[in-house]
Amino acid sequence: MKIAFFDAKPYDIPAFEKYGGDYGISFKFFEAKLNSDTAKLAKGYDGVCAFVNDTVNAEVIDKLYDMGVNVLALRCAGFNNVDMKHAHGRLHVLRVPAYSPYAVAEHTMALLLTSIRRIHKAYIRSRDFNFSLSGLTGFDLYGKTVGVIGTGRIGRVFIDICRGFGMKVLAYDKFPAEGLDNGDTVRYTELDELFAKSDIISLHCPLTEDTYHIIDENALEKCKKGIVILNTSRGALVDAEALLAGIKSRKVGAACLDVYEEESDLFFEDNSGHILEDDTLARLISMPNVIVTSHQAFLTEEALENIAETTVKNLADFFEKGQCSNELCFRTGETVDCKNGKCF
Ligand code: NAI
């Protein structure tokens, strides 16, 4: 089977070639992102493989369908870039539901520690033999309250890490996990209480209609002065303009962003020789208390191996058995994990 692999990066290729070889699946690696202009590259292939910033809207889905391509293997967990409603009946959508929650949760803590202990500042100073400590005062995490929105795989690992630091956790989830709330160091609560009592807020929920701009002007107003916002989930969970305003007014003490609402044309690429058109991102990056990484939380050796192995197995199952346990389906009007794969 031949798969058109979009938005290929050098770090993707070795593991996909290895597992593809094991399962009889060959990949054609295209550097281009999947969108309505590039969809035609998939002509003659048995399926497509896409990542977080590929665009799989109705137009792309129709083009793939017209070319006889009926399977999309997402090499990620999130699927907010796929029009799942339109895909139903036209495109089987497979995903990698989990590949290393540790990778993302650990990166989140790395960002938090870097930010509040000013490691990013200290690193640059000491390279210039500037050993002054002025302006580098941080604060202890021990005893602080972290609000965790989304207590799925990544959120729960992040909670464990925070508990190791002696932090208190206020959690919010549309579907709370059983056995997590111990009535003491981890407690489920409503969003308003989480906003009001947290010193740090970390986002680990998917991007949906419910969670779009879950951190907006209103939410920030309810937060403590000096709130630290961590977003390693999806950019549009945070209203970037409201965040910038919060930073300017000193309400927000720090922000660590691995994702950004308008990241798709920027992140994963070297834009160092270009003029950045996005003034909001440029202003955020210019702030001393903002750290931006370019959607790299997933990027560990373990995660890359798991992503490649699961994606290839998903495709192999789909082609051999006509169904895949990691298929997503919109049959019920909401995207759900569907083990069936036979509904169209
Ligand atoms: P998961 O599906 O295990 O957990 C998501 C949790 O969010 C679930 O407990 C769910 O009930 C909850 N949730 C759903 N709707 C909600 C709502 N309206 N309000 C509050 N909670 C809600 O997903 P996982 O693996 O923990 O991933 C979380 C997110 O992390 C993904 O959706 C993805 O956007 C992001 N991610 C980011 C990566 C990166 O490299 N920066 C890599 C992988 C995932």
Side-chain angles (χ1 to χ4, degrees), residues 51-53 55 74 76-82 84 95 97 101 103-105 107-109 111-112 115 146-159 162 169-176 188-196 198-223 227-247 251-268 278 280-281 283-285 287 290-298 334-335:
F51 196 46
V52 291
N53 287 329
T55 304
L74 291 171
C76 52
F79 47 85
N80 51 285
N81 53 335
V82 181
M84 288 302 303
R95 69 162 176 161
V104 182
H107 188 79
T108 311
M109 182 49 86
L111 287 174
L112 175 59
S115 169
V146 59
V148 177
I149 301 181
T151 57
R153 282 166 282 242
I154 296 169
R156 287 204 299 273
V157 174
F158 185 67
I159 287 171
C162 290
V169 179
L170 285 176
Y172 172 77
D173 197 299
K174 199 173 174 185
F175 309 99
Y188 273 111
T189 182
E190 288 309 313
L191 273 180
D192 276 358
E193 188 187 355
L194 184 149
F195 290 144
S198 298
D199 302 296
I200 296 149
I201 293 176
S202 195
L203 302 170
H204 299 289
C205 56
L207 175 61
T208 63
E209 277 176 19
D210 285 350
T211 60
Y212 176 78
H213 285 184
I214 197 165
I215 301 295
D216 60 4
E217 190 186 346
N218 235 331
L220 290 174
E221 251 168 44
K222 294 175 188 160
C223 291
I227 184 75
V228 177
I229 302 290
L230 310 174
N231 187 9
T232 56
S233 208
R234 284 292 180 268
L237 296 175
V238 175
D239 178 345
E241 298 283 352
L243 180 68
L244 183 57
I247 289 165
K251 177 77 187 245
V252 174
C256 302
L257 311 172
D258 185 52
V259 286
Y260 175 68
E261 191 166 359
E262 304 297 333
E263 72 179 46
S264 62
D265 291 334
L266 294 168
F267 282 18
F268 304 133
D278 187 325
T280 307
L281 181 61
R283 192 77 177 94
L284 282 170
I285 288 173
M287 295 288 181
V290 174
I291 296 181
V292 174
T293 51
S294 57
H295 209 135
Q296 79 176 69
F298 75 99
E334 193 179 348
T335 304

J.: Considering non-hydrogen atoms only, spot the tightest contact between Val157 and Pro101 and give its length.
T.: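 Reported closest heavy-atom pair: CG2-CB, 3.8 Å.
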J.: Using a 4.5 Å cut-off on heavy atoms from C-beta on, say whether the side chain of Ile214 contacts that of Leu203.
T.: yes
J.: Using only atom types and a distance under 3.5 Å, with no angle test, would you say the side chain of Lys251 pairs donor to acceptor with the backbone of Leu220?
T.: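 Confirmed, Lys251 side chain pairs with Leu220 backbone.
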J.: Looking at OG1 of Thr189 and OH of Tyr172, how far apart are the two atoms once the value is rounded to the nearest 0.5 Å?
T.: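 So the gap between those two atoms works out to 10.0 Å.
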J.: Strictly by modelled atom types, are Asp173 and Thr151 linked by a side-chain donor-acceptor pair under 3.5 Å?
T.: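 Result is yes, a qualifying pair exists.
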J.: So, do Ser202 and Ile149 sit near enough that their side-chain heavy atoms are less than 4.5 Å apart?
T.: no
J.: Is Ile215 close to Leu237 at the side-chain level, that is, under 4.5 Å between some pair of heavy atoms?
T.: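 Of all side-chain heavy-atom pairs linking Ile215 with Leu237, none is under 4.5 Å.
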J.: How many angstroms lie between CG in Asp278 and CD in Glu261, if you round to the nearest 0.5 Å?
T.: 9.5 Å
J.: Are Leu230 and Thr232 packed together at the side-chain level, in the sense that at least one heavy-atom pair is separated by less than 4.5 angstrom?
T.: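 No, their side chains stay 4.5 Å or more apart.
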J.: Would a 4.5 Å heavy-atom cut-off, applied to side chains only, mark Val238 and His213 as touching?
T.: no
J.: Looking only at non-hydrogen atoms, find the nearest pair between Thr211 and Cys205 and report the distance.
T.: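 Looking at all heavy atoms of both residues, the shortest contact is CG2-SG, 3.8 Å.
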J.: Without hydrogens or angle criteria, can the side chains of Tyr260 and Asn231 be said to hold a donor-acceptor pair below 3.5 Å?
T.: no
J.: Check Met109 against Phe158 and note the closest heavy-atom contact, atom names and distance.
T.: N-CE1, 3.9 Å
J.: Report yes or no: does Asp258 contribute a side-chain atom to a donor-acceptor pair with the main-chain N or O of His295 at less than 3.5 Å?
T.: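 Side chain of Asp258 to backbone of His295, a donor-acceptor pair under 3.5 Å: yes, one is there.
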J.: Assess the pair Phe51 and Phe298: is the distance between their ring centroids shorter than 6.0 Å?
T.: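 Here the rings of Phe298 and Phe51 have centres that are less than 6.0 Å from each other.
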J.: Do side-chain atoms of Asn80 reach the backbone of Leu207 as a donor and acceptor pair under 3.5 angstrom?
T.: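 Not at all, since once roles are kept as given, no pair shorter than 3.5 Å links the two residues.
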J.: Return the minimal non-hydrogen interatomic distance between Ala255 and Ile247, and the atom names on each side.
T.: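 Heavy atoms of Ala255 and Ile247 come nearest at CB-CD1, 4.3 Å.
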J.: Using a 4.5 Å cut-off on heavy atoms from C-beta on, say whether the side chain of Ile200 contacts that of Ile227.
T.: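 Counting from C-beta outward, Ile227 and Ile200 never come under 4.5 Å.
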J.: Do side-chain atoms of Ser198 reach the backbone of Phe195 as a donor and acceptor pair under 3.5 angstrom?
T.: no
J.: Of all the heavy-atom pairs spanning Ala77 and Arg95, show the shortest one and how long it is.
T.: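 Ala77 and Arg95 have their closest heavy atoms at O-NH1, 3.1 Å.
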J.: Could you walk me through whether Glu262 and Leu281 pass side chain to side chain contact (heavy atoms under 4.5 Å, CB included), step by step?
T.: CA-CA 9 Å; Glu262 304 297 333; Leu281 181 61; over 6 Å; no
J.: Quick one: does any side-chain atom of Glu221 pair with a main-chain N or O of Asn218 as donor and acceptor, under 3.5 Å?
T.: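 The answer is no, because no donor-acceptor pair under 3.5 Å joins these two groups.
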J.: Measuring from atom CG of Leu74 to atom CZ of Phe79, what distance do you get when rounded to the nearest 0.5 angstrom?
T.: 9.0 Å
J.: With Val148, which of Val169, Ile154, Thr108 fulfils side chain to side chain contact (heavy atoms under 4.5 Å, CB included)?
T.: Val169
J.: Do Val228 and Ile201 have side-chain heavy atoms sitting under 4.5 Å apart?
T.: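 They are not in contact (no side-chain heavy atoms under 4.5 Å apart), so the answer is no.
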J.: Going by distance alone, is a donor N or O of one side chain under 3.5 Å from an acceptor N or O of the other, for Glu263 and Ser294?
T.: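 Note: Glu263 and Ser294 side chains miss the donor-acceptor criterion.
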J.: Between Lys174 and Asp210, is a side chain to side chain contact (heavy atoms under 4.5 Å, CB included) present by the stated rule, with each step listed?
T.: CA-CA 10 Å; Lys174 199 173 174 185; Asp210 285 350; 2.5 Å; yes
J.: Indicate the atoms forming the closest heavy-atom contact of His204 with Gly150, along with that distance.
T.: CB-O, 3.4 Å
J.: Say whether, by atom type as modelled, one donor and one acceptor occur between the side chain of Asn81 and the main chain of Val52 under 3.5 angstrom.
T.: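 Yes.
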J.: Below 4.5 Å, heavy atoms only, C-beta onward: do Leu243 and Ile229 meet side chain to side chain?
T.: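 The answer is yes, as the side chains (C-beta and beyond) meet within the 4.5 Å cut-off.
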